[in-house]
2 protein chains.
Amino acid sequence: MNKYEMIAQDLEKMIMDGVYQEDELLPSENELVTRYKVSRSTVRQALKTLEENGWIQRKHGLGSIVIARDRLNFPITGLTSYKELQHYLGFDSLTEVVTFEKRIVDSSLAELTHFPQGVPVLHILRRRKIDGEFIVLDRDYLLYAYAEGLSKSQAADSIYDYLENERHLEIAYAQKEITIDFINEHDRQWLELATGDRHIVSVKSHVFLSDNTLFQYTESRHQVDKFSFTELARRQKR
Amino acid sequence: MNKYEMIAQDLEKMIMDGVYQEDELLPSENELVTRYKVSRSTVRQALKTLEENGWIQRKHGLGSIVIARDRLNFPITGLTSYKELQHYLGFDSLTEVVTFEKRIVDSSLAELTHFPQGVPVLHILRRRKIDGEFIVLDRDYLLYAYAEGLSKSQAADSIYDYLENERHLEIAYAQKEITIDFINEHDRQWLELATGDRHIVSVKSHVFLSDNTLFQYTESRHQVDKFSFTELARRQKR
DNA sequence: GAGTGGTCTAGACCACTGT
DNA sequence: CAGTGGTCTAGACCACTCG
């Protein structure tokens, strides 16, 4: 592990442990330089990491202020996967793999996923039970060249575990879109929906690797009254 | 303007102009060092900015790859304000200020906004017409100490213009939450809703200044079939 | 004015990608 | 292998905040 990651982790832990509390200042950069015996750039990179992850707000001439983190408002942003979410929430949950098949991208699937026509993909449909109710329906299309070797039971666990830890793929970013759609026959078939609802929340994502190849298209459909999306948004300059 | 901002802006413009196209590589860091006659750190800071703003994906040993930016999928993320959004979209739009009043935070408002009880706030209710229909209902509570001096006509224009350009407030970040709520009487009173809908999209935000003071609470209510939220999410390490 | 973070330099070594 | 970006150092000057 790098020096700046070590320092960032150390400070993060101290914030979680309450050594530095909400609205308080972290030690100054120079103080951290002498404390950790590193250069100022390294300290600054550690602080930058903490800022990006929503732990602190830095202010010129003042210092690094600890941000109040709502422990219930975990951020879904940052491509956190379903399993990680469950871990945060601590809910009882269960995943059932409904479909698990190889498919060739045809013209209509190409339009939806933006994969080129003719390439093989792994098509996975899963439904998720949280606290006894089937609430989420996930449909994934993964580039077969990378997802090959994934088993059905691993799909019920966590796809990203396999991709990152076994295949060492670097997932870099995703373009996400949240809309409210009408309920369709698939939703009715696989989810336990509240009667009277016409709508469902749809989260569509195009996921890219660090070499910029599109490798996954996902649509996640959530029952409206169980859906919540939270994020910490930073103000863009210019 | 700083050197790294100049360089970032220059490269951004060249990407927009098609000098560097999607999936192509930007010049290497060393090339940019000689081209702009600056140190490598400065070049790297410029590239970091481009990466954060979703223009490029950097990859170790390879270079900086230009990301395909969907011109239709503008990001709402990053605290973009309503007026800026309209500018991007190019839609005809109109804002009507329904309520504009000073209020003192009581216990129930304190719970909602997280402002301390007893402080004065500016309460603004606005409805927004886009392409001839009232679609969005915005309710704002702003710390009166900062919003004092804001006029009703400025509220119809852009609150952030006033706050940032006239009051020089540094808006730093916002904690946002998106949920689907039941339609209430206010929605019915001020919006033109599709018949049969029971739900509405609610986007609640707590907005903070760079010195970490909470200064705004906003709830924005959107007709379900007109709502779309898009963002570029980067994978968190660890 | 003393202390803070923001920008910038010139250099070094390492880890990773391509061919 | 040559070339790329990632980490790290030791220094300098500047802009900002606060008492």
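Reminder, nothing fancy here: chain letters follow the sequence lines and each chain counts from 1.
Between the CD atom of Q57(A) and the P atom of dG5(C) there is a distance of 13 Å, given to the nearest Å. A straight line from CG of L50(B) to P of dG5(D) spans 13 Å, rounded to a whole angstrom. For the pair K3(A) NZ and dA12(C) C1', the computed distance is 13 Å after rounding to whole Å. When the P atom of dG6(C) is taken as reference, atom OH of Y4(B) falls 9 Å away, rounded to whole Å. Taking atom CZ of residue R44(A) and atom C1' of nucleotide dC8(C), one finds them 11 Å apart after rounding to whole Å. Protein atom CD of Q45(B) is 15 Å distant from nucleotide atom P of dT7(D), rounded to whole Å. Straight-line distance from the CG atom of N2(A) to the P atom of dT9(D): 11 Å, rounded to whole Å. Straight-line distance from the CG atom of L169(B) to the P atom of dC16(D): 16 Å, rounded to whole Å.
Note that NZ of K3(A) is 12.0 Å distant from CD of Q45(A), once rounded to the nearest 0.5 Å. Expressed to the nearest 0.5 Å, how far OG1 of T42(B) lies from OH of Y36(B) amounts to 12.5 Å. For the atom pair K59(B) NZ and S64(B) OG, the distance stands at 12.5 Å (nearest 0.5 Å).
Judged by distance alone, the side chains of D211(A) and T213(A) do bring a donor and an acceptor atom under 3.5 Å apart.
Within the nucleic acid shown, S41(A) comes within 4.0 Å of at least one base atom, counting heavy atoms only.
Residues satisfying the salt bridge (charged side-chain N to carboxylate O under 4.0 Å, His left out) criterion with E164(B), sequence neighbours excluded, are R235(A).
Ion pair E219(B)/K176(B) not flagged as a salt bridge, since none of the NZ, NE, NH1 or NH2 atoms sits closer than 4.0 Å to an Asp/Glu carboxylate oxygen.
Between A155(B) and I124(B), the closest heavy-atom pair is CB-CD1, 4.2 Å.
Looking at the side chain of S28(B), the nearest of the listed nucleotides dG5(D), dC18(D), dC8(D) is dG5(D).
Cation-pi geometry between K102(B) and Y144(B) is met: the NZ or CZ atom falls under 6.0 Å from the ring centre, inside 45° of the normal.
Ring orientation note: the planes of F227(B) and F229(B) are close to parallel, at an angle under 30° on the 30°/60° scale.
We find that the ring of H60(A) and the base of dA15(D) stack, their centres lying under 5.5 angstrom apart and their planes tilted less than 30°.
Mapping D211(B) and R58(B) onto DNA chain D by nearest heavy atom places R58(B) closer to the 5' end of the strand. Residue-to-nucleotide proximity on DNA chain C shows that, of G63(A) and K59(B), the 5′-proximal contact is made by G63(A).
Residues of residues 29-40 of chain B having a heavy atom closer than 4.0 Å to DNA chain C, listed by number: V38(B), S39(B), R40(B).
For DNA chain C, runs of at least 3 consecutive pairs of the Watson-Crick or G-U wobble type, with both hydrogen-bonding distances under 3.5 angstrom, map to C:1-16 with D:3-18.
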